[in-house]
Amino acid sequence: MILPETFYTRNNVLNIAKDLLGKIIVTEINDIKTSGKIVEVEAYNGINDKASHAYNNRRTNRTEIMYCNGGVAYIYLCYGIHHLFNVVTNTKDIPHAILIRAIEPIDGITEMLCRRKMHQLKTTLTSGPGALSMALGITTNYTGISLQSNELHIEDRGIIVNDTDIVSKTRVGVAYAQEDALLPYRFYIKNNPYVSKGKGLE
DNA sequence: CAAACGATTTTCT
DNA sequence: GAAAATCGTTTGG
């Protein structure tokens, strides 16, 4: 089943992040379906989180989408090259978001290999936020789209992830966030080969 | 209007 | 392991 809006509008972004592990991201672009199981995420906890684009209640054209009611996509361009896919959570005017960092490919692997210009399946196909966005065909054009839509949504296919299989660590690439860089807001499934190699702080 | 800077990945040494 | 690639967003003048 497709996750309902109420999944996203809860107020604890950390719980939603953990709940996303084991869920399935599905894109259907030009009638081509691709999907993968979420194995790694990072939470961005709104206006008090120095690592968040919405820190200190900053509202700009780019961040405005994070102030929407939960359940929409926020995609932005990093380093001029990479499209990073986030899920907006919580209710209107509370800018929480969750970065999807890695998935395990399920459907449409041939198409994903093609989009990534690869010829055989390796973990690097979808290991890392920029890589999985390219594999699924997600670009900044999809910012603001509802996660109830055909083109892009997240499903529950009954996969259960035990708490004991969830690892929490510091986030990747956020050293500029000072003390908030130490928060354990990165979650991933233990021993899954598709989890990105990105290193957070210890 | 100009300039600096990434929630990264790939390639080269 | 180090560095380049590359451009929209943000910030400051």
Side-chain angles (χ1 to χ4, degrees), chain A residues 8 13-14 16-18 20-21 25 36 38-68 70 72-90 94-105 112-145 154 167-188 193-202:
Chain A
Y8 303 101
V13 70
L14 299 177
I16 302 173
K18 280 187 278 193
L20 279 173
L21 293 174
I25 303 182
I38 298 172
V39 299
E40 180 180 1
V41 297
E42 283 180 3
Y44 286 84
N45 194 22
I47 63 174
N48 296 315
D49 181 353
K50 291 185 180 177
S52 171
H53 292 158
Y55 173 62
N56 206 19
N57 212 33
R58 183 169 45 186
R59 297 183 86 122
T60 64
N61 280 339
R62 181 176 66 157
T63 62
E64 191 61 31
I65 199 67
M66 296 175 79
Y67 292 82
C68 287
V72 299
Y74 168 47
I75 298 119
Y76 90 101
L77 190 65
C78 185
Y79 293 95
I81 306 172
H82 306 289
H83 301 263
L84 271 56
F85 171 56
N86 300 251
V87 172
V88 175
T89 71
N90 215 308
I94 303 182
H96 289 183
I98 298 167
L99 170 69
I100 310 301
R101 288 195 55 85
I103 64 173
E104 178 180 318
M112 290 195 273
L113 288 171
C114 180
R115 286 180 183 143
R116 294 269 288 132
K117 296 191 165 56
M118 292 170 63
H119 292 294
Q120 66 181 61
L121 180 58
K122 300 183 215 164
T123 57
T124 52
L125 178 66
T126 53
S127 174
L132 75 88
S133 296
M134 180 178 291
L136 291 172
I138 296 172
T139 70
T140 54
N141 292 334
Y142 289 89
T143 274
I145 196 174
I154 302 180
V167 182
S168 57
K169 280 278 167 46
T170 58
R171 293 172 291 186
V172 175
V174 296
Y176 63 88
Q178 304 169 39
E179 72 273 15
D180 287 343
L182 299 173
L183 296 170
Y185 282 2
R186 175 190 184 204
F187 303 99
Y188 58 90
Y194 287 92
V195 171
S196 74
K197 302 297 182 284
K199 291 278 191 293
L201 303 174
E202 286 304 324

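To find a chain, count down the sequence lines: A is the first, B the second, and so on, and within it residues start at 1. When reading the values below, keep in mind they use all heavy atoms of this one structure, side chains included, and skip hydrogens, waters and symmetry mates.
By the 6.0 Å and 45° rule, A/Arg59 stacks over the aromatic ring of A/Tyr67.
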If you apply the rule side-chain contact (heavy atoms from CB on, under 4.5 Å), what do you find for A/Val13 with A/Asn90, and how did you get there?
CA-CA 7 Å; A/Val13 70; A/Asn90 215 308; over 6 Å; no

Determine, stepwise, if the pair A/Phe85 / A/Ile103 fulfils side-chain contact (heavy atoms from CB on, under 4.5 Å).
CA-CA 12 Å; A/Phe85 171 56; A/Ile103 64 173; over 6 Å; no

Please walk me through it: do A/Arg186 and A/Val195 pass side-chain contact (heavy atoms from CB on, under 4.5 Å)?
CA-CA 11 Å; A/Arg186 175 190 184 204; A/Val195 171; 4.2 Å; yes

Would you check, one step at a time, whether the test side-chain contact (heavy atoms from CB on, under 4.5 Å) holds for A/Tyr142 with A/His83?
CA-CA 10 Å; A/Tyr142 289 89; A/His83 301 263; over 6 Å; no

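A 6.0 Å sphere centred on NZ of A/Lys117 holds no more than 12 heavy atoms belonging to other residues, nucleotides or ligands. Atom CG of A/Asn61 has 12 or fewer heavy atoms from other residues, nucleotides or ligands within 6.0 Å.
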Dot-bracket, 5' to 3', for DNA chain C please: Watson-Crick or G-U pairs under 3.5 Å, [ ] where pairs cross earlier ones, | where the partner sits on another strand, dots elsewhere.
|||||.||||||.

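First and last contacts of DNA chain B with chain A, using any nucleotide atom under 4.0 Å from a protein heavy atom and ordered 5' to 3', fall at B/dG6 to B/dT10.
Look at CG on A/Leu84: it is 16 Å from P on C/dC7, rounded to the nearest Å.
A/Thr139 has its side chain out of reach of A/Ile75: every pair of non-hydrogen atoms, C-beta onward, lies at least 4.5 Å apart. Side chains of A/Pro105 and A/Leu121 form a contact here, defined as non-hydrogen atoms less than 4.5 Å apart. Counting heavy atoms from C-beta on, the side chains of A/Ser52 and A/Met66 come closer than 4.5 Å.
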Can you give one letter per nucleotide of nucleotides 8-13 of chain C, 5' to 3': B if a protein heavy atom sits under 4.0 Å from the base, S if only from the sugar-phosphate, - if neither?
SSSS--

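Counting any heavy atom pair closer than 4.0 Å across all strands shown, A/Arg116 reaches sugar-phosphate atoms only and no base atom. If you check every strand for non-hydrogen atoms under 4.0 Å, A/Ala131 touches sugar and phosphate atoms only.
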